[in-house]
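Chain A is the first sequence line, chain B the second, and so forth, proteins listed ahead of strands; every chain is numbered from 1.
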Protein chains: 2
Amino acid sequence: MRKESRLLIKEIEDNFNSSVGDGSKRKIIENALKVFSKKGLAATRISDIALQAGFSQGFIYNHFKSKDDIFIEIVRLASSGGEYAVKQADKLNLCAADKIFCLTEAMLSEDSLSMEHFRLILLQATTGEAIPEQAIRIAKESAPKPIQALMKIIQEGQVQGDIINDDPIILAIAYFSFIQGLVITKLQTRNKELFPDAEMVLRFMRKKPADESI
Amino acid sequence: MRKESRLLIKEIEDNFNSSVGDGSKRKIIENALKVFSKKGLAATRISDIALQAGFSQGFIYNHFKSKDDIFIEIVRLASSGGEYAVKQADKLNLCAADKIFCLTEAMLSEDSLSMEHFRLILLQATTGEAIPEQAIRIAKESAPKPIQALMKIIQEGQVQGDIINDDPIILAIAYFSFIQGLVITKLQTRNKELFPDAEMVLRFMRKKPADESI
DNA sequence: GTCTATATACCGATAGAC
DNA sequence: GTCTATCGGTATATAGAC
């Protein structure tokens with residue numbers, strides 16, 4: 001993995017850590033994130049979260065009004081995370097194609113745990129119907145932002161001649177769909193060897209397969 | 001869309017229709033499929049299914065032992081569907097790359113409704129934890145089958161010189177991940193114009209971008 | 001600040017009517 | 001074959017103890 005990718009991962013995790021607050025509330029959110037991403041909103045019990053966080057069931061209600069309330073808070077966090085990752089990638093001192101390469105390595109990395117959970121939460125928030133109205137609204141409103149940010153990098157890459165001259169929006173949508181699917185697959189199989197790398201992923205938008213030495 | 005893709009869609013839908021049985025039980029399954037794929041197992045109420053199917057709540061229990069029982073039945077149907085689609089694509093009288101092209105068009109088509117729902121159900125069955133043990137087992141056991149079937153076509157394409165000489169398993173995994181992600185994106189946005197086509201999707205495994213006229 | 005105990009409501013499943 | 005009524009279990013959220 002490139003050193004810039006590692007930097008990116010660290011920045012993403014740091015951003016998560018600083019967004020999530022402190023004290024008991026932080027503990028609740030961190031653990032709720034894990035449980036929600038595994039079981040989904042409807043199937044997780046407040047007692048699951050409490051147990052995982054090391055508190056009693058009733059204690060959760062000192063910090064949150066309801067289960068939905070916790071979920072909405074997490075969706076809010078997750079919604080800002082995606083855009084942040086792309087923006088940080090854009091700040092790297094690399095050509096556009098390499099910025100996207102590092103973003104991809106970061107997003108597919110085993111170490112981007114918060115990223116992985118976030119994508120699952122947003123998945124639930126946008127595909128499910130048994131989700132608080134407010135969570136759906138937040139997720140839908142923020143969905144275009146990472147796409148917009150990536151579009152900008154893609155256009156830069158098209159000018160530089162590394163990226164295919166298709167509609168940048170469609171390329172960006174294809175990109176995040178691919179990443180989404182890969183994260184899900186990784187979660188399902190937990191097989192680290194038989195897994196596509198960033199090089200393969202980016203081939204669908206690269207003009208020349210660059211140099212086929214992997 | 002190619003005519004072979006339309007044929008494929010028809011075969012997939014027919015296969016679904018003939019697998020699902022008849023009478024009231026069929027009505028329950030068809031409607032449970034819709035509700036489950038939207039809300040997830042935990043969040044759907046038996047009454048949701050009953051309402052959607054036009055029956056009373058208690059009537060469901062004349063045909064199924066429990067809510068889990070319905071879900072397991074659907075997972076069973078979904079599990080056979082994916083492999084069937086790939087096998088049918090393989091029977092098309094085309095070169096390997098074109099078989100995969102048609103498979104892709106079929107899977108991304110608006111008309112492959114059963115396919116879309118199936119993927120969502122399998123997604124739940126493999127990523128969720130609050131899922132009946134039997135459903136997880138069925139889903140996990142069947143997961144490698146479409147991959148195996150696609151691998152065979154990919155290898156054929158590599159011999160024919162149309163597909164990149166990467167590990168066929170990894171290419172197949174990447175392919176289904178991509179499709180999975182795209183189906184989810186399509187469901188989230190419902191925007192038919194700004195959407196990648198089969199040509200773009202397949203670029204990551206094509207040796208030559210063939211002829212770049214789209 | 002944290003836990004225990006409880007009320008309130010809801011849902012899955014059953015039993016029995018038509 | 002289909003529906004209505006109901007029981008029992010379980011989870012959320014509250015209230016009050018320590």
Side-chain angles (χ1 to χ4, degrees), chain A residues 20-76 121 124-125 128-136 138, chain B residues 20-76 121 124-125 128-136 138:
Chain A
V20 83
D22 248 34
S24 305
K25 188 162 180 173
R26 181 201 183 90
K27 231 182 212 157
I28 293 171
I29 289 191
E30 280 180 342
N31 288 283
L33 176 60
K34 284 184 208 160
V35 184
F36 279 143
S37 75
K38 270 193 219 151
K39 312 223 283 189
L41 172 60
T44 93
R45 306 291 151 226
I46 289 282
S47 57
D48 294 335
I49 297 172
L51 188 76
Q52 176 90 20
F55 294 117
S56 72
Q57 210 236 60
F59 179 67
I60 305 292
Y61 290 92
N62 290 354
H63 292 278
F64 294 93
K65 208 177 85 278
S66 66
K67 188 170 71 162
D68 281 5
D69 208 39
I70 307 175
F71 191 81
I72 291 168
E73 178 89 17
I74 290 178
V75 169
R76 190 173 285 124
I121 296 285
Q124 293 174 33
E129 251 185 16
I131 294 287
E133 211 279 313
Q134 206 183 342
I136 296 176
I138 294 171
Chain B
V20 84
D22 249 33
S24 306
K25 187 162 181 172
R26 181 200 184 90
K27 232 183 211 157
I28 293 171
I29 289 191
E30 280 181 340
N31 289 283
L33 175 60
K34 285 184 209 161
V35 185
F36 279 142
S37 74
K38 272 192 217 153
K39 312 224 284 188
L41 172 60
T44 93
R45 307 292 150 222
I46 289 283
S47 57
D48 294 335
I49 298 172
L51 188 76
Q52 176 90 21
F55 294 117
S56 72
Q57 209 236 56
F59 178 67
I60 305 292
Y61 291 92
N62 289 356
H63 291 276
F64 294 92
K65 208 176 85 279
S66 66
K67 188 170 72 163
D68 281 5
D69 207 39
I70 306 176
F71 191 81
I72 292 168
E73 177 87 16
I74 289 178
V75 168
R76 190 173 286 123
I121 295 285
Q124 293 173 32
E129 250 183 17
I131 294 287
E133 211 279 313
Q134 206 183 342
I136 296 176
I138 294 171

I want to verify a distance call: between D/dT2, C/dC3, C/dA13, whose nearest atom is closest to the B/F59 side chain? D/dT2
Between B/Q124 and B/G40, what is the shortest heavy-atom contact and its length? OE1-CA, 3.2 Å
Between residues 23-49 of chain A and DNA chain D, which residues have a heavy-atom gap below 4.0 Å? A/T44, A/R45, A/I46
From the list B/K67, B/K39, B/K34, salt bridge (charged side-chain N to carboxylate O under 4.0 Å, His left out) partner of B/D48 resolves to B/K39
A/S66 has its side chain closest, among D/dA13, D/dT2, D/dT4, to D/dA13
What pair of heavy atoms forms the shortest contact from A/I74 to A/I29, and how long is it? CD1-O, 3.9 Å
Minimum heavy-atom distance A/A50-A/S56, with the two atoms named: CB-O, 3.5 Å
B/Y61 side chain near C/dA13 phosphate (N/O to OP1/OP2, under 4.0 Å): yes
Apply side chain to side chain contact (heavy atoms under 4.5 Å, CB included) to the pair A/L41 and A/D68, showing each step before the final yes or no. CA-CA 8 Å; A/L41 172 60; A/D68 281 5; 4.0 Å; yes
Without decimals, in angstroms, what is the distance between B/K65 NZ and C/dG12 C1'? 13 Å
Send over the distance from A/I60 CD1 to D/dT14 C1', rounded to a whole Å. 15 Å
Let me know the distance between CZ of B/F64 and P of C/dT14, rounded to the nearest Å. 15 Å
Between P on D/dT4 and CD on B/Q57, what's the gap in Å once rounded to a whole number? 11 Å
How long is the line joining CG of B/L51 and P of D/dT4, in whole Å? 12 Å
Gap between atoms CG and C1', on A/D69 and D/dT12 respectively (whole Å): 14 Å
Which nucleotide, C/dA13, C/dT2, D/dT12, lies nearest any side-chain atom of A/N62? C/dT2
Does the pair A/V75 and A/I131 meet the rule for a side chain to side chain contact (heavy atoms under 4.5 Å, CB included), with working shown? CA-CA 11 Å; A/V75 169; A/I131 294 287; over 6 Å; no
note: B/F55, atom CZ; D/dG1, atom P; distance rounded to Å ~ 12 Å
For A/K67 and D/dA11, what is the distance between atoms NZ and P respectively, to the nearest whole Å? 10 Å
If you look only at pairs with a residue in residues 30-52 of chain A, which of them pass as a ring pair (Phe, Tyr, Trp, His ring centres under 6.0 Å), with sequence neighbours excluded? A/F36-A/F71
